[in-house]
Every structure is written in C-alpha cells, then in structure tokens.
Amino acid sequence: MLQTAENGLSDDVVTVIEAPRQSDLMIELIKRLKPQVVVTGIAHFEAVTSSAFVQLLDATREIGSRLFLDISDHFELSSLPGTIGVLKYLSGTPLPSHAAIVCGLVKNQVYSDLEVAFVISEEEAILKALSKTVEILEGNTSLISQYYYGCIFHELLSFQLTDRHPHLERRSEKLSVEVIGFATSAISVLSNAELSISDDGYPLVRMDVDQWFLLVPSPVKAAIFESFARQNMTESEIDVTPCIKQFVQTEYGFPTDSGTEFIFSDCSQALFSKLVLCCIQEGGTMCFPAGSNGNYVSVAKFLKANTVHIPTNSERGFKLTEDILIKVLETMKKPWVYISGPTINPTGLLYSNQEMENILSACARFGARVVIDTSFSGLEFEYEGWGGWNLGSCLSKISSSGNPSFCVSLLGGLSLKLLTGALKFAFLALNEPILIEAFHSFPGLSKPHCTDKYTIKKLLSLREQKGGLLDVAMEQIRILENRAKCLKEVTFSPLHPEVLENCGWDVLRPCAGVSMVAKPSFLGKAVKVNHSLKHTGSGEQDATYEIKLTDASLREAVAKTTGLCINSGSWTGIPGYCRFTIALEESEFEQALACLVKFKSIVDN
C-alpha cells in the first residue's frame with residue numbers, strides 16, 4: 001500500500017510503502033522501487049536460517065539502501081533459546097555498515113509490561129546519531145529496566161555457548177556503497193543539543209542533567225523493594241490515576257472531570273515529544289519563553305516544528321510576562337505556549353498564582369494551547385512565602401471570555417517531588433477531546449511497568465501522612481537551598497571561599513528546584529584546551545587548541561579544562577547565562593566548586 005506521509009509533520013514529502021515480510025516478495029519490491037530506507041522483519045519460517053537475511057543484505061547493498069531489520073518476534077530470553085539466523089550470521093560475519101538490527105524485548109513472561117529495545121550496528125556514526133536521537137525524544141532509559149535486563153543477560157550468558165566464533169575469526173564484510181544519512185536539519189540539532197558528553201575515561205562532574213543524585217530516602221527504597229517483592233498485584237494496587245488526579249488538584253488546583261485523560265510514561269520528554277507532534281499536525285507553532293528547558297526546545301527543533309522564542313528580560317528574572325506575550329501572540333496563528341512552572345527550569349524562580357493568571361488570560365484571549373510543565377516543581381525553598389497555585393480558580397475566571405480553542409494541558413514528573421532518584425515517572429493530563437485523539441494517533445510511547453506504578457502509588461500515599469517522607473523532603477530541600485546560597489554568596493566554607501560570584505559569575509539566585517543560572521564576566525577571552533578529555537588536568541599536552549569563550553563554546557571549554565559539565569547560554573535561551581544543577585552527591589558538589597575555582601585561574605592566566 002502506497003502512502004504519502006505529509007500530514008503536516010514535515011516540509012519534506014516522504015513516501016511510505018507497506019510491504020510483505022516474505023523475503024522473496026520484499027526483495028522483488030526493493031529491486032523494482034529502489035527505496036532509500038527499508039524497515040522490515042522476517043517471516044517465522046525464514047528466521048531459523050540466515051539465507052533470507054543475506055539476500056536482503058545483498059539486495060539493499062546493490063541499490064544503496066539502508067536496511068533496518070526487526071527481530072523482536074523471534075528473540076526470546078530463555079535458557080533454551082531458539083535458533084535465530086540473523087544472530088548466527090553475526091557470530092561469523094561483521095554486520096555491513098548499511099544495515100542495523102532492531103530488537104524489542106517483548107517476549108517477557110515475568111514483567112510483560114517492562115520492555116526495552118536495542119539496536120545492533122557496527123557503524124559508529126549511526127550508533128551515535130541514534131543514541132542522541134533517543135536522548136532528545138525519549139530521555140534516558142530507566143535504570144531499573146536496564147539493570148533488570150542486564151541481570152538476565154548476565155545469567156543467560158553464564159551458560160556455555162557452543163559453536164561460537166571468536167571475534168578474530170569473523171569473516172570480512174563486503175564493501176558497502178554510499179547510503180542515505182541523517183537529514184542536515186537533524187544533524188544540526190543533534191550537534192547543538194548539549195547532550196551527554198563522552199568522558200573518554202575521564203571522570204566528569206555533571207551539573208548539566210536534571211537528575212536527583214542526593215541520597216535516596218529509606219521510605220523510597222522500601223517502596224521500590226516492596227514493588228519487586230510483591231507478586232500477583234491486583235489492578236487496583238497499580239492504578240495510579242486516582243492518586244495523580246488528587247495530586248494535581250492538591251498541588252496546583254488543576255481542574256479534572258470525567259473527560260480528563262491521564263497518560264503515563266517513563267519520562268516527561270517522551271510525552272512532550274508527542275505533544276509537539278500534535279502541534280505540528282494541527283499546523284501550530286511552539287512558543288518558548290527565553291529561559292526554557294533546552295532539551296524541550298531541541299525536541300521541537302528535531303521534529304521540525306515551527307518554533308518562536310518569546311523575549312524575557314533580566315529585570316523580571318527572565319519570566320514570561322503578559323505584555324510581551326500579548327505582542328507575540330498578536331502576530332501568530334494557532335500558537336502553542338510552553339510554560340515551565342511553578343518552578344522555572346532553568347532559573348529556579350517561581351511563578352506566583354497572579355502571574356500565572358495573567359499569562360493564562362493572555363493565552364485565552366488568542367486561543368493558545370498551553371502546556372504547563374510541572375516536572376521541575378515541588379522543591380520550593382519558602383513555600384509559605386510563595387503561596388502556591390490554584391489553576392482551577394484562574395481558569396474559571398477566564399473560561400467564559402476566552403477563545404474556544406484555548407486549553408491547558410498539564411505535564412509533570414514525580415522523580416523530584418518524591419525524591420525517587422533513578423526511578424522516573426511522568427504524567428500528562430489532557431482535557432481537550434481533539435488533543436486526546438491526536439495524541440493517541442502517534443504510537444510508540446514507553447509506559448511505566450507495574451512495579452513503578454506500585455511504588456509511585458505507595459509514595460503518594462506516604463506523602464499524605466505527617467512526618468516520614470515529608471520530613472525527609474524538607475531536609476533535602478534545605479540542602480538544595482544551602483547549596484544555592486553558597487553558589488550565590490561570597491563565603492561558603494574554609495575549603496571553598498571562592499564560589500560563583502568570586503569566580504567571575506553574576507548569579508540569579510533561585511527560589512526552588514535543582515537548577516540555577518549565572519552569567520560569566522569573561523566571555524570574549526580565550527583559553528587553551530586539549531582535544532581529548534582524558535588529558536584534562538593531567539598536565540599532558542595533547543595537541544591543544546585555543547577557544548574564544550562565547551555562548552556556543554563555553555560548555556566545551558569548561559569541560560575540557562576542568563571536567564565540569566554545565567549548560568551554556570545556547571541551551572538556556574538566555575544570552576550569556578549558563579545553567580548549573582545542584583542535586584549532586586556531596587563529594588561531587590565539592591568537586592564542582594573546585595572546578596569553578598580552577599576554571600577562573602585558567603581564564604586569569
């Protein structure tokens with residue numbers, strides 16, 4: 001079946017042909033149509049031997065087509081696995097550079113809802129590009145999922161494998177012809193997205209990731225352990241929807257009714273990616289205030305959505321304001337407005353209830369679809385002085401006067417709120433039927449498995465009780481507040497008398513959360529760095545080169561001279577202001593401070 005995949009998802013016209021899995025029919029189509037990319041599986045009766053796979057490799061190589069072969073239906077984790085011809089082939093022959101194997105671990109009898117997928121390729125460029133693509137669109141794979149399958153593979157591989165070819169005995173591959181690569185626009189986004197830095201074996205200090213590295217509280221550990229120890233859990237024990245509904249009403253006053261749908265995932269980025277696709281399908285434009293999460297901006301750019309940056313100013317702490325928002329929305333059709341709040345990532349400032357009401361009133365006037373991202377909220381340093389949110393009251397005041405296309409969707413995560421560390425859980429609340437239908441039209445969402453749901457439900461219940469988890473949360477919030485102060489103020493400890501402000505940074509003091517921003521005074525100066533991180537701090541000269549410090553180069557310069565990873569002004573969207581995350585393990589935080597002092601001395605010299 002021939003389909004033209006326009007659907008407003010791209011300016012490029014992509015022709016998709018749904019073809020049969022039977023190899024002889026597929027090869028006939030490949031030879032006649034000469035597609036640039038072939039994505040296929042193998043019929044069960046052909047999977048036992050490698051002949052069908054070899055024929056597909058030869059056919060795609062001849063015409064310069066890239067091949068992605070899915071073996072998920074045939075791959076089973078078992079002490080008595082069946083024979084898979086593709087893997088038999090790989091044991092003796094390197095995989096050609098134009099081909100990759102895709103496998104989802106779907107045949108799992110223990111946790112049927114715990115799925116991890118992987119790609120096998122021997123082309124480094126493809127592996128790097130696919131890894132970065134997943135990091136942008138889906139975030140990082142749950143550590144619990146990785147560890148679970150890691151244990152299974154380790155146990156299965158402890159069995160003696162017969163007829164196995166050592167790596168040196170593998171036959172040489174045939175030369176491949178040139179095949180289609182990643183789009184120029186995709187490569188541009190991947191290159192500038194400030195994703196994970198390869199450490200080259202050198203230990204890095206990560207102040208550029210939104211993760212919780214402080215000690216995980218005992219109640220959280222107990223809930224996680226209980227979720228794996230329990231067997232035959234009932235549906236009611238893992239149904240988190242009522243808890244999440246109560247949570248958003250209590251925390252933010254977000255109104256819900258029978259028409260509200262809650263969608264869950266491992267990571268808020270995955271949910272946001274689907275929202276961007278909804279925006280594109282509707283012909284809308286994603287609007288990001290200057291001073292937004294750079295990862296979300298990269299998602300929109302990677303998916304080729306129309307994007308607009310809404311100006312903000314330092315006098316208002318780079319918050320989105322009603323007057324500037326109105327000027328932007330007046331010039332647009334079908335706007336989608338992204339707002340990080342109550343806690344703003346990256347600045348760590350807070351939107352008050354009145355500020356939010358003013359912003360929503362402006363959005364309602366122009367019929368904007370609003371996405372409020374609460375993923376980084378819940379760690380307010382002075383909650384009483386802030387006062388909280390009541391979105392229900394705000395929306396009730398403007399519902400009658402607003403444009404009918406106006407709606408508010410609530411995106412959130414519970415990792416920070418519940419101090420769960422590596423255990424991630426995200427939710428999306430949708431009230432608009434058209435959006436709900438559009439969201440479900442895009443497949444491929446990674447959903448939390450039952451143990452995650454059990455843990456989250458348990459922790460939300462504990463959070464309603466006095467003491468316990470709440471007391472631990474307050475202790476952790478005090479740690480974050482003290483760290484923010486020490487980076488802002490000129491005195492910290494005898495060990496680190498010099499911190500951000502003494503190291504030439506103008507700091508915007510945060511009010512909540514795990515991140516803050518600061519502007520260096522030394523942009524425009526030049527420093528020498530090594531090409532490789534492995535020589536950082538060793539004193540060895542590894543073909544050094546000079547970098548002029550700009551928004552675009554500062555991150556690289558700091559990492560390659562000190563091993564400290566931060567986000568630059570290119571990521572924050574605020575010219576000159578870098579982002580630092582502070583939820584590090586104590587020794588890592590001390591190292592980060594030392595790195596800042598070291599970089600100051602490098603710049604001065």
Side-chain angles (χ1 to χ4, degrees), residues 245 247-257 259-261 268 271-272 275 278-279 282 284-293 296 308-313 316-345 347 349-378 380 386-412 427-436 511-512:
K245 182 179 292 188
F247 172 79
V248 299
Q249 290 174 339
T250 303
E251 292 295 314
Y252 313 113
F254 185 74
T256 60
D257 55 30
T260 304
E261 180 159 347
S268 56
L271 294 169
F272 183 74
L275 284 176
C278 293
C279 171
E282 196 174 73
T285 299
M286 291 296 306
C287 304
F288 295 95
S292 293
N293 187 326
Y296 288 76
V308 167
H309 285 265
I310 306 173
T312 57
N313 57 69
R316 299 295 298 273
F318 303 108
K319 291 184 180 181
L320 180 61
T321 56
E322 181 185 15
D323 54 342
I324 297 178
L325 178 60
I326 289 174
K327 291 179 182 178
V328 172
L329 295 182
E330 282 176 338
T331 65
M332 298 180 59
K333 294 181 179 180
K334 298 183 178 180
W336 285 56
V337 179
Y338 170 83
I339 303 170
S340 177
T343 300
I344 305 169
N345 185 356
T347 63
L349 298 185
L350 291 164
Y351 283 115
S352 69
N353 194 64
Q354 185 60 53
E355 286 173 326
M356 201 63 217
E357 184 176 330
N358 295 340
I359 291 171
L360 291 177
S361 296
C363 291
R365 175 179 166 186
F366 294 96
R369 300 201 185 278
V370 181
V371 179
I372 300 178
D373 182 12
T374 67
S375 304
F376 311 97
S377 301
E380 297 80 21
W386 167 55
W389 272 9
N390 188 348
L391 292 176
S393 175
C394 297
L395 293 173
S396 64
K397 294 178 182 178
I398 62 179
S399 59
S400 58
S401 58
N403 188 303
S405 63
F406 167 73
C407 69
V408 176
S409 303
L410 196 71
L411 177 67
F427 64 86
L428 173 65
L430 297 174
N431 284 321
E432 177 61 49
I434 295 177
L435 279 187
I436 294 173
C511 303

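- Between the CD1 atom of I398 and the OG atom of S361 there is a distance of 4.5 Å, given to the nearest 0.5 Å.
- Using a 4.5 Å cut-off on side-chain heavy atoms (C-beta onward), I344 and L320 make no contact.
- In terms of modelled atom types and a separation under 3.5 Å, the side chain of T312 and the main chain of A290 share a donor-acceptor contact.
- Looking only at side-chain heavy atoms (C-beta outward), V408 and F254 come within less than 4.5 Å of each other.
- Note that CD1 of I339 is 5.0 Å distant from SG of C363, once rounded to the nearest 0.5 Å.
- Atom CG of residue D373 and atom CG of residue L410 lie 8.5 Å apart, to the nearest 0.5 angstrom.
- Taking a cutoff of 4.0 Å between a charged side-chain nitrogen and a carboxylate oxygen, K334 and E282 do not qualify as a salt bridge.
- T374 has its side chain within reach of F427: a pair of non-hydrogen atoms, C-beta onward, lies under 4.5 Å apart.
- Put simply, CG on L428 and CG on L275 are 5.0 Å apart, with the number rounded to the nearest 0.5 Å.
- Classification of the F272-Y338 ring pair by plane angle, with boundaries at 30° and 60°, yields perpendicular.
- Within the 4.5 Å cutoff, side-chain heavy atoms of I359 are placed close to those of Y351.
- With contacts defined as side-chain heavy-atom distances shorter than 4.5 Å, the pair I326/F366 qualifies.
- Taking the six-membered ring where the residue is Trp, Y252 and F247 present perpendicular rings, their angle passing 60° and hence far from 30°.
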Just do the side chain to side chain contact (heavy atoms under 4.5 Å, CB included) check on I324 and N313 with the steps written out, would you? CA-CA 10 Å; I324 297 178; N313 57 69; 4.0 Å; yes

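- Atom CG of L329 and atom CD of E322 lie 10.5 Å apart (nearest 0.5 Å).
- Under the 3.5 Å distance criterion, the side-chain polar atoms of S268 are left unmatched by any main-chain donor or acceptor of G412.
- Legend: residues meeting side-chain hydrogen bond (donor to acceptor under 3.5 Å, both in side chains) with N431, ordered by chain and number and at least two apart, are T260.
- When side chains are defined from C-beta on, P311 counts as touching V328, because their heavy atoms get closer than 4.5 Å.
- Of the N and O atoms on the side chains of S409 and E432, not one donor lies less than 3.5 Å from an acceptor on the other residue.
- To the nearest 0.5 Å, atom CG of residue N390 and atom CG of residue L395 are 9.0 Å apart.
- Taking the side chain as every heavy atom from C-beta outward, S340 and F376 approach each other to under 4.5 Å.
- Not a single donor-acceptor pair under 3.5 Å links the side chain of E357 to the backbone N or O of E355.
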Kindly determine whether Y296 and V371 satisfy side chain to side chain contact (heavy atoms under 4.5 Å, CB included), including the steps that lead there. CA-CA 12 Å; Y296 288 76; V371 179; over 6 Å; no

